[in-house]
Enquirer: 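Below is the structure I would like to discuss, written out as structure tokens.
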Amino acid sequence: MEHDYDWREVEDRLYAEWLAANAFAPRDDGPSSGYDAILMPPPNVTGVLHVGHLLNGTLQDVLVRRAWQRGRCVLWQSGTDHAGISLQVKVEKDLQARGIDPSSLSREEFLGHAERWRDCHRDRILCQLQRLGICCDLSRRVHTLDPAYSRTVLHAFVELYRRGHIYRGRRMVNWCPVSGTAISDEEVFMQRRPGKLFYVRYEMVDAPGEFVEVATTRPETIPGDVAIAVHPADGRHANLVGRLCRRPFPEAPIPIIADEAVDPKFGTGALKITPAHAAVDYAVGERHGLPCREVIGPDGHMGILAGQELAGLDREEARERAVEVLRRRGLLSREEKYEHSVGISERSGVPIEPRLSVQWFLRYPKVDEAARAVERGLLRFFPAHWGKTYLHWLENIQDWCISRQLRWGHRIPVWYRPGWDRNDPHGRHVSLEAPPDGEDWEQEDDVLDTWFSSALWPLGTLGWPDGKAMAAKHFDCFYPTSTLVTGPDIIFFWVARMVIFSLEFLPGDASDASISRRIPFRHVHFTGIIRDDRGRKMSKSLGNSPEPLDLIDRHGADGVRFGLISSAVQGQDVQFSEERLAQGQHFCTKLWHACRLRLLQDGTTPSDRSSWEAIVGRLHADELNFVDRAILCQLFDARLRWDGALEFYEFQAGLQRLERFFRDDYCDWYVEVGKARRRLGLDCRASLAVQDLVLRHLLQLLSSAIPFVTQELWHRLGMGTERPLHMVPLPDGDFWNGALERCGIAPAKEEDVDRCAALREVLKALRALRTDVGGGGPIYYLPGTRWEDGCRELLSTLLGCGDFVALPAAGDRPVAVTSWGTFAMDHAANGREKLVAELGQLRRHVAANRAKLADAAFLAKAPPAVVEATRQLLEKNLALVARLEGLLGTECGRGKFF
RNA sequence: GGGCAGCUAGCUCAAUGGUUAGAGCAACUGGUUUACACCCAGUAGGUUAGAGGUUCGAAUCCUCUGUUGCCCACCA
């Protein structure tokens with residue numbers, strides 16, 4: 001076996017083999033203990049692979065491979081999202097770069113370009129993700145604009161319309177002037193921006209020279225003013241209500257009204273009302289029956305109603321111009337700096353414009369059931385606290401604006417009868433198919449929000465609503481899926497909406513049992529967000545995100561996977577550090593060498609390792625000593641903890657337990673003891689069988705986290721070649737209990753582990769002692785030292801010293817006090833200071849133990865096991881103190897030290 | 001303004017209310033006795049953000065304060 005592990009060669013070769021063997025497709029050809037499905041969050045076709053994808057992909061792969069190992073039939077559903085607005089923007093830029101004006105193209109021409117662009121990038125991310133070694137069945141991948149999936153989306157729209165959940169209406173929406181489309185509340189984020197607060201005077205119509213003053217940050221909307229509002233209880237302005245004042249431009253009289261929405265403490269206590277351009281003002285306008293004056297157009301430029309001073313200007317320019325005009329007319333009394341929150345379009349990064357427009361809306365159905373699913377634990381979140389965020393959103397849910405003024409996406413399946421009012425439901429045809437006399441009708445131009453189609457992902461990928469397709473895709477086996485692994489940033493965008501749509505579309509009542517059957521997944525594991533070393537979110541604009549494929553090139557897929565898992569503590573954001581990935585790589589190397597050592601030892605042939613039965617058959621209870629038994633106990637314990645941790649998606653904790661077992665218990669202890677035994681000329685056959693058992697089991701457990709190196713070592717050790725490691729069944733608890741019993745071990749028995757711990761403690765103390773004296777020489781043991789069976793030789797071999805020498809008293813030699821006894825070494829220098837410090841510490845512990853045991857309340861109320869443990873600890877500490885005091889008292893004189 | 005989550009060794013993080021709060025990295029000291037220097041052995045490093053409280057017992061539970069990050073809602 002080669003000295004170095006060449007993962008570059010191994011990873012490419014093995015992945016090609018797995019693909020060639022079609023090893024990732026769910027199949028029903030063997031004994032199966034059930035079905036599992038995992039939905040991969042579909043990446044955008046426009047997306048760029050980032051470290052978050054690596055983490056997400058790795059964690060899902062661990063779950064999927066484990067499910068395979070447990071004999072489950074697993075579907076890992078993948079696919080891509082058409083990415084609506086994001087792709088359209090990219091294609092438009094691309095066209096412009098080629099000298100083509102996108103707006104000059106017909107809908108069909110534009111879609112042709114977009115589809116070509118999409119096809120070029122379609123599966124790029126998924127293919128890149130394969131470098132990680134994910135066992136995802138790409139043959140079943142779905143794209144949200146595939147014909148079949150599109151039918152799912154349109155069917156859902158038609159059905160929701162038919163059930164009265166979708167309506168068309170003129171409402172205040174978030175308008176993105178750059179993209180020229182409405183966007184949902186979720187696509188707007190608030191940003192603190194410096195601005196100015198302008199104080200503007202409106203002259204009273206009936207009393208020239210008398211003014212009402214308002215404060216505004218948006219003077220360019222003054223042409224849209226239709227009223228001034230004050231709070232009804234505000235005494236300062238009570239005399240104004242019901243009178244008229246003069247709008248500065250275009251000049252017109254507007255009423256002064258009273259409305260509760262006004263905060264009398266802000267500004268002057270008077271608010272200008274612009275119903276067409278502010279949500280609050282719109283509500284006020286509705287209450288008072290005020291007209292709407294739209295002065296800003298869809299492209300963010302001032303319209304004709306803005307008057308000749310402002311018309312045609314961009315809204316930013318208009319603001320400056322408005323201020324100039326006001327100043328010139330003496331209507332601007334003052335201005336002050338003011339930092340305020342502005343809604344920003346997530347897509348284009350410019351301030352959104354609240355705008356009244358006709359859009360399609362969804363009144364969310366099944367909100368109560370969606371909430372109950374989480375409240376009752378039918379759908380569980382990990383970590384659970386995200387449930388509060390989810391429920392809070394559901395409690396304050398607003399209708400969802402689902403139409404987009406774009407071309408790229410699912411075109412809304414509504415046709416209007418020409419010449420009819422589009423708001424008249426009788427003039428509409430809402431169906432998957434165009435009306436029979438299609439050419440007379442006009443189809444809706446808008447497309448659906450891309451998240452509308454994403455919300456159908458669990459249903460559409462399994463063929464819904466087409467019964468034939470659902471049967472072909474085994475809907476009944478794979479739905480509901482087991483676990484969704486995603487980021488908490490899309491709880492609203494995606495997770496909640498999938499729950500709502502699934503509850504709505506699958507038939508059932510409101511009982512818990514029915515909800516359990518209809519929810520799209522039983523568990524959602526929210527990963528942390530990956531941040532850089534300064535705590536910032538990884539982002540393209542900051543340029544702080546490493547290139548994922550480079551990371552894999554540098555550390556290997558296994559190294560990257562191991563590093564990411566071990567830095568991803570549940571519930572915490574992940575601080576990315578490449579150092580972690582290097583550690584993962586080192587772990588793989590160490591594993592390689594541990595197996596290499598096993599092959600360098602003689603005594604067996606590969607067929608002795610080719611099955612569990614072969615290995616267990618080589619274990620005989622009478623040939624095993626307590627070190628052998630202990631390592632098997634520890635392996636069993638590590639397995640239990642790994643299983644237990646993964647039940648709760650605590651990947652890091654589980655992997656850490658396996659790592660500790662491998663490094664601390666197996667490599668640094670068990671293997672070293674094995675070497676010592678060989679040096680002592682003892683029979684090592686049993687030890688080799690134990691090594692085989694440990695390695696076989698460890699490789700299997702680790703294979704879900706680091707599939708490549710474990711698979712390669714599995715082959716090298718001759719443990720099996722017939723199928724990929726993730727298809728080899730993992731021995732269950734019954735098997736383990738049987739094997740342990742055969743070795744004379746009760747799984748719960750800790751005695752052998754304790755004996756090992758004691759031996760290791762002595763070994764460590766003696767190594768420390770030798771370090772202190774800075775050299776070799778004989779190691780003495782003082783009277784009262786008690787040796788475990790056979791451990792004297794083992795200890796001296798492990799230390800690489802000669803046999804221990806009995807000594808009646810330590811004299812002024814430095815000593816090590818252990819639970820077995822006291823040891824000493826020759827040294828010229830005085831090592832007693834350390835001893836004195838140790839005694840002091842021990843005495844403090846003894847005092848603390850005694851105080852506890854003297855406390856009646858402690859004895860009465862603490863559990864007996866705790867009291868007993870304290871008593872034993874006191875005894876142990878007392879023994880050590882006595883030994884130390886004896887040493888220091890007889891040989892050195894008590895007075896000298898105390 | 002409301003909510004959520006943090007605050008533990010120089011750094012990144014662990015620790016079912018129960019013994020003397022642990023790892024890794026970094027630092028320091030030593031080591032290539034044929035698995036591994038991508039390693040091993042050892043040393044040092046702590047008022048668990050602060051203050052109260054509950055408890056026989058608190059890093060852990062409660063209250064308040066400070067502080068950091070995120071989410072939601074926003075006064076024009």
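Both backbone and side-chain heavy atoms feed into the values below; hydrogens, waters and symmetry mates do not. Residue numbers begin at 1 in each chain, while the letters A, B, ... track the order of the sequences.
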Enquirer: Between the side-chain atoms of A/Ser341 and the base atoms of B/C74, is any donor-acceptor pair under 3.5 Å?
Expert: yes

Enquirer: Name the nucleic acid region contacted by A/His392, choosing base, sugar-phosphate or nothing; use a 4.0 angstrom heavy-atom cut-off, strictly under.
Expert: sugar-phosphate

Enquirer: Classify A/Thr217 by what it touches in the nucleic acid, base, sugar-phosphate, or nothing, heavy-atom distance under 4.0 Å.
Expert: sugar-phosphate

Enquirer: Is it the case that the side chain of A/Trp7 and the backbone of A/Cys588 share a donor-acceptor pair, with hydrogens and angles ignored and the cut-off at 3.5 Å?
Expert: no

Enquirer: Check every strand shown and say whether A/Pro863 touches a base, only sugar-phosphate, or nothing at a heavy-atom separation below 4.0 Å.
Expert: base

Enquirer: Which part of the nucleic acid, if any, lies within contact of A/Ala862, taking any heavy atom under 4.0 Å across all strands shown: a base, the sugar-phosphate backbone alone, or nothing?
Expert: base

Enquirer: Quick check on salt bridge (charged side-chain N to carboxylate O under 4.0 Å, His left out): which of A/Asp665, A/Asp668, A/Asp754 does A/Arg760 satisfy it with?
Expert: A/Asp665

Enquirer: Can you see if the side chain of A/Lys590 gets near the phosphate of B/C40 - specifically, an N or O under 4.0 Å from OP1 or OP2?
Expert: yes

Enquirer: Any side-chain N or O of A/Tyr338 below 4.0 angstrom from OP1/OP2 of B/A76?
Expert: yes

Enquirer: So what does A/Asp263 hit on the nucleic acid, given a heavy-atom distance under 4.0 Å: a base, only sugar-phosphate, or nothing?
Expert: base

Enquirer: Scan every strand shown for a Watson-Crick or G-U wobble partner of B/G52, both distances under 3.5 Å, and answer none if you come up empty.
Expert: B/C62

Enquirer: Given A/Phe382 and A/Phe526, is the ring-ring contact (aromatic ring centres under 6.0 Å, His included) satisfied, shown in steps?
Expert: CA-CA 6 Å; A/Phe382 297 87; A/Phe526 291 109; 9.7 Å; no

Enquirer: I want to check one thing: is the phosphate of B/A41, taken as OP1 and OP2, less than 4.0 Å away from some side-chain N or O of A/Lys764?
Expert: no

Enquirer: Within the 4.0 Å heavy-atom criterion, would you say A/Arg660 contacts the bases, only the backbone, or no part of the nucleic acid?
Expert: sugar-phosphate

Enquirer: Once you apply a heavy-atom cut-off of 4.0 Å, does A/Gln872 come out as touching a base, just sugar-phosphate, or nothing?
Expert: nothing

Enquirer: Need one value for A/Val214: base, sugar-phosphate or nothing, where a base atom within 4.0 Å counts as base even if backbone is also close, heavy atoms only.
Expert: nothing

Enquirer: Evaluate A/Glu220 against A/Arg218 for salt bridge (charged side-chain N to carboxylate O under 4.0 Å, His left out), listing each step before the verdict.
Expert: CA-CA 5 Å; A/Glu220 73 277 18; A/Arg218 301 200 61 189; 3.0 Å; yes

Enquirer: With a non-hydrogen cut-off below 4.0 angstrom, is A/Cys667 in contact with a base, only sugar-phosphate, or nothing?
Expert: base

Enquirer: Write down the distance separating the C1' atoms in B/G53 and B/A58, rounded off to the nearest Å.
Expert: 11 Å

Enquirer: Say we look at B/A15 and B/U43: how far apart would their C1' atoms be, to the nearest angstrom?
Expert: 24 Å

Enquirer: Describe the nucleic acid contact of A/Met190 in one word from base, sugar-phosphate, nothing, applying a heavy-atom distance below 4.0 Å.
Expert: base

Enquirer: What's A/Asn877 touching, base or sugar-phosphate or nothing? Going by heavy atoms closer than 4.0 Å.
Expert: base

